Visitor: 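Please read through the structure below; I'll follow up with questions.
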Number of protein chains: 2
Amino acid sequence: MSSDLEVLQEALRGSGQRLTPQRMMVLSALAEQESHVTAETLLDLVRLDYPYINLSTIYRTLDLLVELGLVAETDLGGGVRQFELVGTHPHHHLICQRCGQTVEIGDDTLQPLRDRLQSHYGFEARMDHFAIFGVCKACREG
Amino acid sequence: MSSDLEVLQEALRGSGQRLTPQRMMVLSALAEQESHVTAETLLDLVRLDYPYINLSTIYRTLDLLVELGLVAETDLGGGVRQFELVGTHPHHHLICQRCGQTVEIGDDTLQPLRDRLQSHYGFEARMDHFAIFGVCKACREG
DNA sequence: CTTGCAGCTGCAAAGAGTCGCAATAAAGCG
DNA sequence: CGCTTTATTGCGACTCTTTGCAGCTGCAAG
Ligand SMILES: [Mn+2]
Ligand SMILES: [Mn+2]
Ligand SMILES: [Zn+2]
Ligand SMILES: [Zn+2]
């Protein structure tokens, strides 16, 4: 088993990219969270240790981590992007537009769709962290 | 058969909202397009007839039309939202992250997922106009 | 046809995220 | 360890979208 930092280090090495303190700090701040966070929140967290870090660096690092598949990013409805270390726990969210409640669903729910896109269109879909909006059971019945 | 304007009129009436000239102009500008357009493009189009219209009004009208299900909205990858009158032609897009090519797929492709979300979670998903990113067949083989 | 008032509009300013650029510093090498 | 190369950072400017607010107007009631 390899830690997230080792995965990052591994992924950067070879593609000519560098393992900077800023990147490590963003990753470790993410690792301490237990749910979605915004870039702004990460900025505040990292600044506790390193006051000079800039919001652009946070965003660029997050983009990189998303690219590498370590981090999932989605707008869950508030108009602000949320980030989350996914690692070994791929999932998606159902979000009720009436009451705001969100439910987490396993990635396997999307597998049939993935398969169909593959077989019908030859398209390899990368659906990492979907936000699916709609109306929940309680709201529909109430 | 009822025109888009009639649908709009119908939907506004009763919910206490108003059918303003600005809203009609945005809707008719959309109707003249045959594909996705940005808010900025709509601004330019409407300004040909009515130079005083403001970009906020365009966005607010689009939000309303999306809410009513008349218009679909998605960021197709360029970081700018695209709008489109959907009416009777519900569809989604597959977008290749390598070559940028997009393929339109029918809404029926998502029906099995919709059904599953309904039966497993009691969730009535509103998936109007998805942008699904991934790698197309040509790029994967090339 | 007038009036009244919520719902809209235009404007200016704020938020969220991106980009270009000069200065900095990882990494590889001798 | 010191040097070189080039990816990365911090910063300010910029783009896209939303919001607060004061004045305007659709529209329904009289
Ligand atoms: Mn999540
Ligand atoms: Mn479309
Ligand atoms: Zn609900
Ligand atoms: Zn492609």
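Per chain, numbering begins at 1; letters A, B, ... match sequence-line order. Model, not experiment: these values are computed from the prediction.
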Visitor: Roughly how many Å is it from CG in B/Asp63 to P in C/dG7, rounded to a whole number?
Guide: 17 Å

Visitor: Of B/Gln82 and B/Leu19, whose nearest nucleotide on DNA chain D comes first from the 5' end?
Guide: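 Per heavy-atom nearest nucleotide, the more 5' residue is B/Gln82.
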
Visitor: With no angle test and no hydrogens, is the base of C/dT9 tied to the side chain of B/Arg60 by a donor-acceptor pair under 3.5 Å?
Guide: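 For B/Arg60, whose side chain was compared with the base of C/dT9, there is no donor-acceptor pair (under 3.5 Å).
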
Visitor: Going by atom types alone, do A/His129 and A/Glu73 pair a side-chain donor with an acceptor below 3.5 Å?
Guide: no

Visitor: Consider only side-chain N and O atoms of B/His93 and B/Glu104, and report whether a donor and an acceptor are under 3.5 Å apart.
Guide: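 Looking only at side-chain atoms, B/Glu104 and B/His93 do not form any donor-acceptor pair under 3.5 Å.
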
Visitor: Can you check the B/Glu40 CD to D/dC14 C1' distance for me, whole Å?
Guide: 13 Å

Visitor: Any side-chain N or O of A/Tyr50 under 4.0 Å from OP1/OP2 of D/dG10?
Guide: yes

Visitor: With the side chain of B/Thr20 defined as its heavy atoms from C-beta on, choose the nearest nucleotide among D/dG26, C/dG10, C/dC19.
Guide: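 Among the listed nucleotides, the one closest to the side chain of B/Thr20 is D/dG26.
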
Visitor: Rounded to whole angstrom units, what separation is found between the OH atom of B/Tyr52 and the C1' atom of D/dC24?
Guide: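 Nearest whole value for this atom pair: 15 Å.
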
Visitor: Between B/Gln17 and B/Ser15, do the side chains contain an N or O donor and an N or O acceptor separated by less than 3.5 Å?
Guide: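 Side chains of B/Gln17 and B/Ser15: pair found under 3.5 Å.
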
Visitor: So if I apply the salt bridge (Lys or Arg N to Asp or Glu O under 4.0 Å) rule between A/Glu124 and each of B/Lys137, B/Arg98, B/Arg140, which one comes out positive?
Guide: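 For A/Glu124, the salt bridge (Lys or Arg N to Asp or Glu O under 4.0 Å) check succeeds only for B/Arg140.
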
Visitor: Please tell me if A/Asn54 has a side-chain N or O lying less than 4.0 Å from either OP1 or OP2 of D/dC11.
Guide: yes

Visitor: Across the strands shown, which category fits B/Arg81 at heavy-atom distances under 4.0 angstrom: base, sugar-phosphate, nothing?
Guide: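 Answer is sugar-phosphate: B/Arg81 comes under 4.0 Å of backbone atoms only.
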
Visitor: For the pair made of CG in A/Leu64 and P in D/dT8, what is the distance, rounded to whole Å?
Guide: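 Interatomic distance, CG of A/Leu64 to P of D/dT8: 8 Å.
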
Visitor: Relative to the 5' end of DNA chain D, which residue comes earlier, B/Arg18 or B/Ser56, by the nucleotide with the nearest heavy atom?
Guide: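 The residue mapped nearer the 5' terminus is B/Ser56.
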
Visitor: Kindly say if B/Gln22 contacts the phosphate of C/dG10, meaning a side-chain N or O under 4.0 Å from OP1 or OP2.
Guide: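 So the side-chain polar atoms of B/Gln22 do come within 4.0 Å of the phosphate oxygens OP1 or OP2 of C/dG10, strictly under.
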
Visitor: Choose from C/dG10, C/dA16, D/dA7 the nucleotide whose nearest atom is closest to any side-chain atom of A/Tyr59.
Guide: C/dA16

Visitor: Mind checking if B/Leu55 touches a base, just sugar-phosphate, or nothing, with heavy atoms under 4.0 Å?
Guide: base

Visitor: Figure out the CG/P separation between B/Leu12 and D/dA28, and round it to whole Å.
Guide: 11 Å

Visitor: Tell me the interatomic distance from B/Met25, atom CE, to C/dT9, atom C1', rounded to whole angstroms.
Guide: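 Between C1' of C/dT9 and CE of B/Met25: 11 Å.
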
Visitor: For B/Arg23, report the nucleic acid contact type (base, sugar-phosphate, nothing); a contact means any heavy atom under 4.0 Å.
Guide: sugar-phosphate

Visitor: Rounded at 0.5 Å granularity, tell me how far CD in A/Glu6 sits from CG in A/Leu8.
Guide: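 Answer rounded to 0.5 Å: 11.0 Å.
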
Visitor: In this structure, how many angstroms lie between the P atom of C/dA16 and the CG atom of A/Leu62, rounded?
Guide: 15 Å

Visitor: Output the single nucleotide from C/dT9, D/dG10, D/dC27 whose closest atom is nearest the side chain of B/Thr57.
Guide: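 Taking heavy atoms from C-beta onward, the closest nucleotide is C/dT9.
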
Visitor: Calculate the interatomic distance between A/Leu43 atom CG and D/dC11 atom C1'; express it in whole Å.
Guide: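 About 13 Å, once rounded to whole Å.
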
